[in-house]
Amino acid sequence: MYAFADRVRSGEWTGVSGKRIETVVNIGIGGSDLGPVMVYEALKPYADAGISARFISNIDPTDVAEKVSDLDPETTLFIVASKTFGTLETLTNARVARDWLLTALGEANALQGKTAEEAVAQHFIAVSTALDKVAAFGIDPENAFGFWDWVGGRYSVDSAIGTSLAIVFGPKVFEEFLAGFHAMDEHFRTAPFEKNVPVLMGLLNVWNVNFLGAETHAVLPYDQYLHRFPAYLQQLTMESNGKSVRADGSFVDYSTGEVFWGEPGTNGQHAFYQLIHQGTRLIPADFLAFANPAHPTKDGEQDVHELFLANFFAQTQALAFGKTEDEVRAEGTAEHVVNARIFSGNRPSTSIMASRLTPRVLGELIALYEHITFVQGIVWGIDSFDQWGVELGKKLALDLVPAIEGDREVLERQDSSTASLIDYYLKHRK
Ligand SMILES: O=P(O)(O)OC[C@H]1O[C@H](O)[C@H](O)[C@@H](O)[C@@H]1O
């Protein structure tokens, strides 16, 4: 993977018309998308080879249409990333992208006598554990990078699933990213429980869920580059621990996985923090912040990063200590609004700070949350590494295709709600 990344970065690997690659487009979904897109966004300042990345995941044709609309086919490399190479969304998008590529290269007179197969070989590579299926798709297995089938999709960003990252950022940055994972793995493996951060944070989460009744968990990065981190964590945590049967097959009689969600600060402050501060629900929140900004900026005399961090410090302080009735009254507040101005405080938050958002720190952060997720799974007795809940919807979708295509018999076999929705579609589709 590193050797290939270097060939693309240096311009030795070109498109079919000899132009160097300027855009890599990762086609994948779930674990084959969320990790790479999150890390790409997080480490943007480290992109140093003049290559940018895009990510196509949704089977909604809008996704592929929007992502390729302004692309130059001659300088684009598609990476079809799928652990199983059997995922409907990814294979459909890959075929649509292949059609787009061949049409666009033809229109640009860029094929220069080369066959469609030769063009695909130059513009499509794959990452998968199923190399036979890669070959069946028409991608040269020489241009496919494998990993091991015991790596769960949501735990795979540090495998060859990160090929787009190795190309954009280079092998050295990718190695630093991996070194961060390793450091956190070693900490988790060796630190005594009372000093073991994933153990402590996992136990805190269990405490908040099972003893304080928390149903959700906010993740609030005070760094714009981490804007996809909450979305990434949703798959990691909710696909891992959203289970109601234990690993031994018995049903649990307690709550398991929380709903993870969040937005970067300070945007969330002006949207949903109201509920975190004064709502009736307990929402444990993780705050992430960095001492050094990626873009030092002044507004007159004011360091903008300091203003930004002041918000981070203030929010965690307000959650912890709130504002008492006496303090509200002492401000001369009119009696009829005193209660509305009280902040109970004692709302749990965890602050994680690092000097700077580097590849290594990002690797540490991801591994931290992987191990937290594992700790919770162990306490709850569930298997954090399966995902049967995803399967039913996939199967039903395929079963419904004939009804959507107009097969009345299949339509009539459906429940009344589904049948009337499909009926609406059939009447309105032009
Ligand atoms: O990488 P793939 O095999 O295409 O799988 C993509 C995704 O498929 C399913 O939705 C699984 O539940 C996810 O865990 C996985 O990440």
Side-chain angles (χ1 to χ4, degrees), residues 1 24-40 53-60 63-64 67 78-98 124-139 141 143-166 228-245 247 256-257 259-260 366 369-370 373-374 376-377 382-400:
M1 178 180 85
V24 291
V25 181
N26 187 84
I27 303 177
I29 199 164
S32 301
D33 167 71
L34 287 161
V37 72
M38 181 276 283
V39 175
Y40 175 67
R54 295 185 188 189
F55 299 84
I56 296 172
S57 53
N58 200 337
I59 199 171
D60 180 344
D63 200 11
V64 68
K67 301 277 170 52
F78 290 97
I79 303 175
V80 186
S82 175
K83 178 181 155 177
T84 55
F85 227 76
T87 304
L88 178 74
E89 289 87 341
T90 299
L91 294 187
T92 305
N93 281 329
R95 282 189 293 269
V96 172
R98 185 173 55 186
F124 271 80
I125 64 161
V127 180
S128 184
T129 58
L131 297 180
D132 49 331
K133 292 186 184 160
V134 169
F137 180 85
I139 295 177
N143 301 333
F145 304 100
F147 58 109
W148 308 270
D149 64 1
W150 48 264
V151 180
R154 54 193 175 275
Y155 299 91
S156 67
V157 65
D158 46 345
S159 72
I161 287 293
T163 297
S164 55
L165 307 171
R228 294 289 290 167
F229 195 62
Y232 169 77
L233 284 188
Q234 285 183 325
Q235 189 199 13
L236 173 63
T237 61
M238 290 157 74
E239 195 165 77
S240 296
N241 288 341
K243 318 271 164 77
S244 39
V245 172
T256 61
V259 175
F260 274 73
I366 298 172
Y369 279 93
E370 288 182 351
T373 303
F374 171 74
Q376 291 179 247
I382 57 183
D383 181 352
S384 300
F385 302 98
D386 64 15
Q387 59 279 326
W388 294 108
V390 187
E391 299 303 321
L392 178 64
K394 282 191 199 172
K395 185 177 174 310
L396 288 181
L398 288 180
D399 292 352
L400 285 173

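Counting starts at 1 for both ligands and their atoms, following the listed order.
Checking Gly31, Ser32, Gly30 against atom 1 (O) of ligand 1, the nearest heavy atom belongs to Ser32.
Considering only residues two or more places apart in sequence or on other chains, Lys133 meets the side chain to side chain donor-acceptor pair (under 3.5 Å) condition with none of them. With sequence neighbours left out, Phe374 forms a ring pair (Phe, Tyr, Trp, His ring centres under 6.0 Å) with no residue at all.
Between Phe260 and Pro230, the closest side-chain pair of non-hydrogen atoms is not below 4.5 Å. For the pair Ser57 and Asp63, the minimum side-chain heavy-atom distance is below 4.5 Å.
Contact atoms of ligand 1 toward Val390: 10 (O), 12 (O) (distance under 4.0 Å to a heavy atom of the residue). Those atoms of ligand 1 that come under 4.0 Å of a heavy atom in Gln387, given as number and element, are 12 (O). For ligand 1, the atoms closer than 4.0 angstrom to any heavy atom of Thr87 are 2 (P), 3 (O), 4 (O), 5 (O).
The protein heavy atom nearest to atom 12 (O) of ligand 1 is Glu239 OE2, 2.9 Å. When only non-hydrogen protein atoms are considered, atom 9 (C) of ligand 1 lies nearest to Lys394 NZ, 3.8 Å. Annotation: atom 6 (C) of ligand 1 to nearest protein heavy atom, Ile29 O, 3.2 Å.
Both the backbone and the side chain of Lys83 come within contact range of ligand 1, each with a heavy atom under 4.0 Å. Contacts between Thr84 and ligand 1, counted as non-hydrogen atom pairs separated by less than 4.0 Å, involve both the backbone and the side chain.
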Worked check of side-chain hydrogen bond (donor to acceptor under 3.5 Å, both in side chains) between Asn241 and Ser384: CA-CA 5 Å; Asn241 288 341; Ser384 300; 2.7 Å; yes

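Around atom CZ of Arg98, more than 12 heavy atoms belonging to other residues, nucleotides or ligands sit under 6.0 Å away.
Ligand 1 lies nowhere less than 4.0 angstrom from a heavy atom belonging to Glu89.
Side-chain contact, Asp149 with Thr129: no donor N or O sits under 3.5 Å from an acceptor N or O.
Residue contacts with ligand 1: Ser82 is placed with a nitrogen or oxygen under 3.5 Å of a nitrogen or oxygen of the ligand (distance criterion only).
Counting only distance, with no hydrogens or angles, the side chain of Tyr40 and the backbone of Ala53 share a donor-acceptor pair below 3.5 Å.
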